[in-house]
Every structure is written in structure tokens, then in C-alpha cells.
2 protein chains.
Amino acid sequence: MGANGVERRPLRRDAQERRDRLVEAARREFARHGVDASLEKIAREAGVSIGTLYRHFPTRMDLLMAAFRPRLDEFMAGAAEALAIEDPWDGFVHYLENLFAMQAGDRGFNDFLSRRFTDNAETERIHDQMCRHIGDVLARAQDAGRVRADLSQGDIVNLIWSNGRMIDATSTTAPNAWRRHLHLMLDAYRAERAHPIPEPPMTDQQLYDAMVHLSQVD
Amino acid sequence: MGANGVERRPLRRDAQERRDRLVEAARREFARHGVDASLEKIAREAGVSIGTLYRHFPTRMDLLMAAFRPRLDEFMAGAAEALAIEDPWDGFVHYLENLFAMQAGDRGFNDFLSRRFTDNAETERIHDQMCRHIGDVLARAQDAGRVRADLSQGDIVNLIWSNGRMIDATSTTAPNAWRRHLHLMLDAYRAERAHPIPEPPMTDQQLYDAMVHLSQVD
DNA sequence: CCCAAACGTGAGGCACCCCTCCGGTTCGCT
DNA sequence: AGCGAACCGGAGGGGTGCCTCACGTTTGGG
């Protein structure tokens, strides 16, 4: 079955082989240089011409989705795991740990999580699903009185941005620094030590706009 | 007196006027697009040719320093204020509030604080001074038992990165979101009920490398 | 008022990157 | 084997940005 449910004949053998090499090269380049990596370089890296790249992946997003599919599945599985853990706090921590670790492992995926590409129905779907996951994990921990009640989904998205930036900075020189950041944040999130926050959480609209903003070029 | 102490005759009247216009335009463009803003655009904006820009500012850093000098002074003054506040915790909060607010006010300055340009003695000096300030403010609050003892300078630099990214995302849609982030972080930093952190702080070398890394193009 | 020094200009070389299009190549079905 | 559909290559047009340099313009001291 094709991506959109349309049955299509399999690729010719040579075409399939080139396509695989492209996805492989894209994974490497996106991981190294983020989602804005040069397509021409990816083609070169794959030993394929730029025209071929465009034949298989008409838009950058097509290539991104092909490259990140496994990572995305892995990530979603981690989120499901979190909800399966009995203790709500442990589930919350597991969710964040999984999130941070995946961001740390791949700069492209890190970018991908931080930005929201509005021109693509599938990525919208993915982001919605992510937001639902966050909401569930968070609400459960809050209902159990373990996470401060005034924490919002937007604060977690914020955390994604923060951590993303930190990982950009430290990944080559201190690859585990994110774990420190995470545990510091956990102390900020615990219900026991909460002090009132003088600024209200972002509205859904603000949050959405901010994510879209990050995906637009200056 | 010239920047490096060399006495040089004043600029010709027309040259001075163009230089002023350039600095003005640079401030605007850097604020809007970060420190990587296009120099050609800045020249256009100033109504001056690109050649003239290069005559006055042979390197991007020369222009950056000219544009940010007032902001830098303002920032350093805020840091001094923080140390002048009697209560160590209040001083700590004041320092961070000043820092965040200045990051929020100018995308270029935000970039500037996050990165470390190694090819320039003056910026190195500035960063060293900033690190000293952070160290002083932090140590004072820790000695007073108000900030958790296991917090390191690197964690504050981390905070600069985190907040920088958050501001990039939210400045146009939720310009005060940083204040919420700050107060969340304060709850993470308070000494009372701090939980142990399983990852050691970054070494000075790691911290330095990370800052340099951020200032290098992909 | 004159002229040398200071200054300004913008075309142009170079390096990227994106994306298209058409002539040539390869596959695999019959 | 032969042929048409599928596929591939890569030149090339359009865009942006950096930086230089030969030539023309302006200033202000003498």
C-alpha cells in the first residue's frame, strides 16, 4: 500500500536501490546538519544525481518523512510505554527521558520535534498526536498530585525547545549534559516545591504560532 | 581614542554620517534576524553601498560590536546591580531577570550571548567577564544557602541557551512567556528540597567547546 | 580655490542552494 | 531480442550571500 492508501506497482529494481541509498544518506545528513541540510549534498552523498532525488522525493518533507519514519515510530512507542507504567510520576519521567534521549540522538529529529510544518497533513497529525501524549502523561501525574497543578502542556513544549537548543550546543562535547538538565527540570515540576508562577501559560494559539514560527526561515 | 587606544583623526563628516547610518541599520537587522543577518541588506537599509560597509567594518564582528556596545554596557550594569542587592537570593533573581529580559528584547543580542566567537579578543574578554559575574552571583546565593549547592555555572549558561531558544520561538506570539520559564527555573534552583542530580556538571572545557560550537556554521 | 587624501560605488568573481527539464539510459515484460 | 515505460543525469536558470577592487566623487586643510 502506498503512503496514501493507493496501490502502486513496486519500483524498478535500480530505482528502489537508489531510493534506499538516498534515504540512508538523508538520515546521515539530517542527523548531522538538521532538517535544513543541503539536498544537493544528500544526493552527492548517495552517489545519485539531484534530479533523481527530486524524482523520488518531490519536496523536502517527503524525504524527511522517509528518513524519520523509524525514529518517529520509536518515539511514539516510548510515549505509549510511559502511559503503561503504573506510577504516574515514573511514567512522566519516562516520557521525558525518552523524549530527551531521542532529541540527543539525532539533530534532525531534534529539529523536527521543535518545529511545525504546516504545509503537510501528516506532520500535523503527528504533532497533534504528540500533544495528546503530552497531555495524557501530564494530566495523569497531576491528578495523582505528583506534578504541580499549574504546569501546562505549553511548558512541556517549551522544555522541548530548551532541551533542543542545549543539545545543539553540547552534543559533541558533553553528550550526556541533557540528563542533568532533565533532572533539574524535574525539581521544577514536582508538586511539593511549587511556588506560584507570575505569568499565565501560553494559549493553544500562541503555542501553535510559536511552533510554526520556528519552522519559517528568517 | 580609537578602540584599541590608537589616536586617529576624526572621520570626515560624510563618512561619519554614513557610519552612523550603518550602525543604526545593523542594530535593526541584527535585532530582527540575529547575528547572521545579511550584510548586503544592512547596507541597503542604510542607503549605502556594500563597499562602504566593508570600509568601515572589515569584519562582521566589527559591526556587531559597534551595534551592541550600548546593550552590552546596559547588560553589564544590570549584573553589577544584582551584586549590589543585599539579599543574595534577590540578587540572583535580579541577575536572571535582567538577563532574560535583555535576551527577549533583541534577537541579535540573544544570539550574541549564546555564542562565543573565538577569533576576537574583545568578545573573549566580555564572555570571561560574564562568566565571572555569573560565578559571583551564584556563589553568593549558594553561600547563603538559598540556591542549591550542586548548581554549577554551566547550568546557568545552559539556562541562557534554553531561554534563547524559547524566545526565538515565542517572541512574536507570546512575548512574556520567558517570565514563566524563569519562575519555573527558579523553583528548580531553590535550595530547599533539592533532589540529587545524577549527571555531573560540565567541565569548563566542555562549556567552552559548546559555546564555540554554537557559533560555527553547520 | 585647489588638490591630495579620504571616501564611496557597484559590478563582478566565487560559492552555495533550490528546482526543472530534456536527452539519453536501463529495466523487465512480452 | 526488442521495445516502451520508467528512470537517471546534469546542465542551467534563478536566487542569495560574501567580499574585493578599480575607478569616480567628496571633503577640508593649506
- prompt: For every nucleotide of nucleotides 24-30 of chain C, 5' to 3': is a protein heavy atom under 4.0 Å from its base (B), only from its sugar-phosphate (S), or from neither (-)?
  reply: --BSS--
field: Stretch residues 49-63 of chain B: residues that reach within less than 4.0 Å of DNA chain C through a heavy atom
entry: B/S49, B/I50, B/G51, B/T52, B/R55, B/H56
Parallel, tilted or perpendicular, as decided by the 30° and 60° cut-offs, for the rings of A/F30 and A/F68: tilted
message: Among residues 38-45 of chain B, which ones have heavy-atom contacts with DNA chain D below 4.0 Å?
response: B/S38, B/L39, B/E40
query: How close or far is atom P of D/dT26 from atom CD of B/E17, stated in whole angstroms?
result: 14 Å
field: Pair listing, salt bridge (Lys or Arg N to Asp or Glu O under 4.0 Å) test, anchored in residues 197-211 of chain B, at least two apart
entry: none
- prompt: For B/E124 and B/Y208, which heavy atoms make the closest approach, and how far apart are they?
  reply: OE1-OH, 3.7 Å
Partners passing side chain to side chain donor-acceptor pair (under 3.5 Å) against B/D62 (at least two apart in sequence or in another chain): B/T59
field: Polar side-chain atom of B/R60 near backbone of B/A37 as donor-acceptor pair, under 3.5 Å
entry: yes
task: Report the distance from atom CZ of A/R21 to atom C1' of D/dC8, rounded to the nearest whole Å.
output: 12 Å
Plane angle bin for A/H181 and A/F100 - parallel if under 30°, tilted between 30 and 60°, otherwise perpendicular: tilted
- prompt: Do you see a donor-acceptor pair shorter than 3.5 Å between the side chains of B/D111 and B/S114?
  reply: no
- prompt: So, B/T123 side chain and B/F117 main chain: donor-acceptor pair closer than 3.5 Å or not?
  reply: yes
task: Return the set of residues passing side chain to side chain donor-acceptor pair (under 3.5 Å) with B/R107 (not counting sequence neighbours), or none when no residue passes.
output: A/D218
query: So, does B/T170 use its side chain to make a donor-acceptor pair with the main chain of A/A210 at under 3.5 Å?
result: no
task: Give a yes/no answer on whether the side chain of B/R18 brings an N or O atom under 4.0 Å of OP1 or OP2 in C/dT9.
output: yes
